[in-house]
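Quick note on labels: first sequence line is chain A, next is B, and so on, each numbered from 1.
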There are 2 protein chains.
Amino acid sequence: MNGEDRDAVISAVLAGSRLLVAIAARSLGAVADRVTLPQFRMLVVLSGHGETKLVTMAELLDVNSSTAMRMADRLAAAGLVLREVNPLNRRESLMRLTDEGRRIVDQVTARRRDEIAAIVSRMSPVERRALISAMTAFNEAGGESAEAGTHPLGWPDA
Amino acid sequence: MNGEDRDAVISAVLAGSRLLVAIAARSLGAVADRVTLPQFRMLVVLSGHGETKLVTMAELLDVNSSTAMRMADRLAAAGLVLREVNPLNRRESLMRLTDEGRRIVDQVTARRRDEIAAIVSRMSPVERRALISAMTAFNEAGGESAEAGTHPLGWPDA
DNA sequence: CCACATTCTTGCAGTATGCAACATTAGTGA
DNA sequence: TCACTAATGTTGCATACTGCAAGAATGTGG
């Protein structure tokens with residue numbers, strides 16, 4: 001591809017990246033006094049993953065198991081997750097969201113979707129359809145290398 | 001806008017957001033043993049801002065001044081930034097990148113641009129041009145609300 | 001000179017993070 | 001059944017990030 005195209009597309013994508021990260025940060029503001037960002041990542045994983053054992057959680061978040069351990073302790077103390085020994089394998093301790101924990105995830109997710117919706121609502125229908133296909137193509141092109149990456153999940157929804 | 005469009009565009013944008021965040025995280029991997037992510041954010045600000053005093057830095061990073069203070073201490077100890085009293089106002093202590101600090105910023109930035117370039121190179125020229133205009137429109141639509149946000153800078157380039 | 005604002009700095013407390021060592025539990029082969 | 005190994009969770013230790021609050025140093029305006 002020629003250099004002009006290359007620079008233009010990279011600039012546009014980088015700018016979009018900044019905007020999206022800012023949106024993600026803002027969407028967390030409402031619950032910032034209840035959970036930290038790493039804690040919220042853990043809640044998100046539980047939300048989409050159901051009951052999860054500690055080692056799996058650590059892998060999904062890409063953190064050391066001791067880190068996941070203590071985060072889980074704090075979230076349990078805050079009443080946002082429950083921890084219980086797996087009766088089928090007493091080495092494992094499974095954790096899952098409480099109703100309160102799920103409420104927090106839903107609240108943040110709704111806010112972020114609203115923010116994105118507010119932005120795209122200011123675009124024309126033509127631009128909007130173009131954005132859908134362009135982002136879809138971008139995601140597909142990036143999906144191949146992303147699967148080979150070191151961050152399979154966890155980061156995405158923070 | 002109708003619900004179908006709305007869901008499709010939000011899904012596409014959210015997926016793109018995950019991909020971009022994963023790219024940003026990977027691009028930091030090469031220097032993860034030298035600087036942490038918050039430290040890298042500080043280096044980026046210095047890279048684009050030149051000499052900066054502590055309070056300004058804290059505002060740009062959206063952290064408490066005591067946090068910025070200690071981060072600056074550690075980066076200075078690591079030889080990545082220099083701190084010196086402003087001779088024109090001895091209350092202020094200005095900090096700036098060392099050559100080594102700038103090298104790290106350049107290294108990460110180059111890697112991220114390469115990753116994005118690799119993705120868009122897998123798209124057809126038509127898709128690429130569509131991505132430029134779609135992302136540009138998205139950024140413009142989001143720019144208005146972004147300026148009213150609480151994270152003017154700092155986050156974007158992390 | 002005095003009162004005030006700005007700026008940096010430090011003490012304190014809580015959270016996040018990784019490494020290494022350890023105990024418990026499960027599985028496996030002799 | 002018994003020893004060996006693997007998987008899993010847990011804890012100790014050290015470091016970094018974070019904010020609040022108090023204090024010291026410096027500049028500004030009267």
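- Rounded to a whole Å, the CE atom of B:Met57 is 15 Å from the P atom of C:dT7.
- Of all nucleotides listed (C:dT7, D:dT10, C:dT10), C:dT10 comes nearest to the side chain of B:Met69.
- The side chain of A:Arg34 contributes no N or O atom lying less than 4.0 Å from OP1 or OP2 of C:dT15.
- Applying the 3.5 Å distance criterion, the base of D:dA7 shares a donor-acceptor pair with the side chain of A:Arg91.
- With C:dC8, D:dT8, C:dA16 as the choices, the nucleotide that has an atom nearest any side-chain atom of A:Thr36 turns out to be C:dA16.
- Heavy-atom nearest nucleotides on DNA chain C were determined for B:Asp73 and for B:Asn89, and the one closer to the 5' end corresponds to B:Asn89.
- For the pair A:Arg41 CZ and C:dT17 C1', the interatomic distance rounds to 12 Å; values are reported in whole Å.
- A salt bridge links B:Arg34 with B:Glu100: the closest approach of a Lys/Arg side-chain nitrogen to an acidic carboxylate oxygen falls below 4.0 angstrom.
- The separation between A:Asn64 atom CG and D:dA16 atom P is 17 Å, rounded to whole Å.
- In terms of position along DNA chain C, the nucleotide closest to A:Arg70 lies nearer the 5' end than the nucleotide closest to the other residue of the pair A:Leu88 and A:Arg70.
- The phosphate of D:dA16 has neither OP1 nor OP2 within less than 4.0 Å of any side-chain N or O from B:Gln39.
- Nucleotide C:dA5 holds its C1' atom 13 Å from the CD atom of B:Glu92, rounded to whole Å.
- With salt bridges taken as basic N to acidic carboxylate O contacts below 4.0 Å, one links A:Glu84 and A:Arg96.
- Positionally, the nearest nucleotide of DNA chain D for A:Ser93 lies more toward the 5' end than for the other of A:Ser93 and B:Arg74.
- Side-chain atoms of A:Ser27 and A:Arg111 form no donor-acceptor pair, as typed in the model, at a separation below 3.5 Å.
- Distance CZ (A:Phe40) to P (C:dT15): 19 Å, rounded to an integer number of Å.
- For A:Lys53 and D:dG9, the shortest distance from a side-chain N or O to OP1 or OP2 is not below 4.0 Å.
- Closest of all the heavy-atom pairs between A:Ile104 and A:Val31 is CG2-CG1, 4.1 Å.
- To the nearest angstrom, P of D:dG9 lies 8 Å from CG of A:Leu94.
- Residue contacts for B:Thr67: at a heavy-atom cut-off of 4.0 Å it reaches a base atom on one of the strands shown.
- In this structure, CE in B:Met57 is found 13.0 Å from OG in B:Ser65, a value given to the nearest 0.5 Å.
- Remark: C1' of C:dT17 and CE of A:Met71 are 10 Å apart, rounded to the nearest angstrom.
- In the set C:dC8, D:dC17, D:dG9, D:dC17 carries the atom at the smallest distance from any side-chain atom of B:Pro38.
- Distances shown here put every side-chain N or O of A:Arg90 at or beyond 4.0 Å from the OP1 or OP2 atom of C:dA23.
- In this structure, B:Asp33 atom CG and C:dT17 atom P are separated by 18 Å, rounded to whole Å.
- Between A:Leu43 and A:Val35 the shortest side-chain heavy-atom distance falls below 4.5 Å.
- A donor-acceptor contact under 3.5 Å links the side chain of B:Ser66 to the base of D:dG19.
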